[in-house]
Number of protein chains: 2
Amino acid sequence: KAGQPPDLAAIVTGITNGSMNELAKAITYIESNSPVHYSYGQELLQSLLKRTGRAIRIGITGVPGAGKSTFIESFGLMLCEQGHRVAVLAIDPSSSVSGGSILGDKTRMEQLSRHSNAFIRPSPSGGTLGGVHRKTRETMLLCEAAGYDVILIETVGVGQSEFIVRGMVDFFMLIALTGAGDDLQGMKKGIMELADAVVVNKADGENKLPAEKTKKDYDQFLHMLKPSTKGWQSKAFTCSALKNDGIDDIWNVIKTFQSLTEASGVMAERRRSQAKDWVHTLISEQMNQYFYRHPYVKKHLADWENKAMDGAVTSAKAAEKLFEEVFKHTK
Amino acid sequence: KAGQPPDLAAIVTGITNGSMNELAKAITYIESNSPVHYSYGQELLQSLLKRTGRAIRIGITGVPGAGKSTFIESFGLMLCEQGHRVAVLAIDPSSSVSGGSILGDKTRMEQLSRHSNAFIRPSPSGGTLGGVHRKTRETMLLCEAAGYDVILIETVGVGQSEFIVRGMVDFFMLIALTGAGDDLQGMKKGIMELADAVVVNKADGENKLPAEKTKKDYDQFLHMLKPSTKGWQSKAFTCSALKNDGIDDIWNVIKTFQSLTEASGVMAERRRSQAKDWVHTLISEQMNQYFYRHPYVKKHLADWENKAMDGAVTSAKAAEKLFEEVFKHTK
């Protein structure tokens, strides 16, 4: 069957009928680094585009050990039991470098992964970081076309990853560790401003009181910031994913957020501007790839950087030389 | 004399001898949008590069009305009286659009502008925003070559301006308004994480106590954040630029910062990485210019954006089409 093009129309029909197999096949194309598979993936996505956009898109971040997996397991199971269809996608920035992944291991969410209403996809690995983000965004759209109505995008706080996830989702939450107020110190630049909610997890047993204290610290902090979403005051909550305590409250918060932002038009406006920003992000990534993969740049970039750092040439001179070598034929 | 190339060697000599006239001439070239003048400017800068880097570079930001001008007037005069040579440069993002400038008016700093040790340059206007930043950065280097040992770069909190100024300077300070703790609300995303110091101005008369309260609020906030500079705990201070009160304390803080970061190597490391980042920023700006000025993009960008926003095509498709039209001859 090699060389035989796949029956894309059949895959489209399969996905719209909710076939997990066809969905997985389409995602394989979206995630493939082969140009032919890429074009299959894009064609499928284009055919399904009108069926996308009906899910609530939720971004979840937090440092390793904050309990993201446990939270998603409890939260996802609760939603599946209520009849929702839940897709969990992971973005692991480390996977673009190492090919390995510190997220996305199905065994992390054992019960959820066995539920027929759940679909769990680990982070795409290999390729550029921009590629990893593109693949996750497009996989989200495929999942929506397949009828998943809650999308959870999980990421660890590495590099620009949260900013990119914020640019894909409607609601963004930070899972935080319990502790004294000092825990907030060393928090990553700008992350709090992205959050529509902070969830202090592991609020059980003798950790319950300190968790309440942490929640208050976060509330005070959030109150000083511009809201991440227009017309929405971001707040902190406690829960125990392990004890299944407070999980339903968080879903109620998200539902309130959804009705408010749908009514105000903020949700639709955000999605439109996300689609527009995405065009520019992809263009910028393509230009960067084109530039940084150019043989002259590969060979001479470090030299020019060093010359600029040593003060031997101006930064402008270094930039100009590199740019001219790459684009000299385009002028 | 038109067409006659300028005597660049004479300008270089003039600048190294501290001639204000020759410095102004060189800055005119740096700021010019004509390719010939641009190349004169670059040549001058290249010749002077070894004489740059000896000043302490200080970035100053704050909302309009926070008293940036009054602060710079008092602070600059004090330094000039101590024998320092002070260059004040402004970056006004609005000037790239309107050609006008809400900063950089010499009459704002009347006494300082008349002092023989001071040099005040308003924001370059016109051209792209990236151009405005490049011009300011290169003007800073020219000022250093001319013997100015304190550089103050002033900007208003618009767009990405503070992030770019942070990327040019050693020490970055935020001038803040006095008021209740609620004043911190609505603060711009990420700005606090950039600051090495917050200066609550106008701490005089009946404003003195509320200013102290605000200072404490900022201190508490800063304590929760990662430091902007490795090994330096950012703190808040009060001063009254009008009454000349507390201004010398802030200079002492900056001097302490300077000796600490010079001793630890953090200053040198930051400057090297700033020079490197600057190469990449300039390349990225040049690519963007090349792309967004392309006739096809000018004509069709809005169409493709709208198609992506309306869900008629995927964002990837829109990006691909635009990219291919621009770079089809380069493949």
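These numbers come from the heavy atoms of this one structure, side chains and all, not from hydrogens, waters or symmetry mates. Protein chains get the first letters and strands the later ones, always in sequence-line order, with residue 1 at the start of each.
Scanning both residues, A/A308 and B/A275, for their nearest heavy atoms gives O-CB, 3.7 Å. Nearest heavy atoms, A/A312 versus B/L49: C-CD2, 4.0 Å. Of all heavy-atom pairs spanning B/A318 and A/V279, the tightest one is CB-CG2, 4.1 Å. Shortest non-hydrogen contact noted between B/Q42 and A/A316 is OE1-CB, 3.5 Å. The shortest non-hydrogen separation linking B/S315 to A/R137 is OG-NH1, 4.5 Å.
Contact of the A/T314 side chain with the B/E138 side chain is not registered, since no non-hydrogen atoms from C-beta on lie closer than 4.5 Å. Side-chain contact between B/E269 and A/M309 is absent, with no heavy-atom pair separated by less than 4.5 Å. Within the 4.5 Å cutoff, the side chain of B/E193 has heavy atoms near those of the A/E193 side chain. Side-chain contact between B/W304 and A/I283: absent, with no pair of heavy atoms (C-beta onward) separated by less than 4.5 Å. Taking 4.5 Å as the limit, some side-chain heavy atom of A/N288 sits within range of a side-chain heavy atom of B/M287. Residues A/Y292 and B/H280 have side chains in contact (heavy-atom distance under 4.5 Å, counting atoms from C-beta outward).
For B/Q220, the part sitting under 4.5 Å from any heavy atom of chain A is the side chain, from C-beta outward, and nothing else. Only the side chain of A/L301 comes within contact range of chain B, judged by heavy atoms closer than 4.5 Å. Heavy atoms of A/L322 lying under 4.5 Å from chain B belong exclusively to its side chain. Residue contact with chain B, scored on non-hydrogen atoms closer than 4.5 Å, involves the backbone and the side chain of A/D310 alike.
In this structure, B/K307 places its NZ atom where more than 12 heavy-atom neighbours from other residues, nucleotides or ligands lie under 6.0 Å away. The number of heavy-atom neighbours closer than 6.0 Å to NZ of B/K317, taken from other residues, nucleotides and ligands shown, is 12 or below.
How far CD of B/E320 is from OH of A/Y38: 4.5 Å, rounded to the nearest 0.5 Å.
Between B/F327 and A/Y290, the angle of the ring planes lies from 30° to 60°, which puts this pair in the tilted group.
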Worked check of side-chain contact (heavy atoms from CB on, under 4.5 Å) between A/E305 and B/R272: CA-CA 9 Å; A/E305 283 177 349; B/R272 282 178 65 83; over 6 Å; no
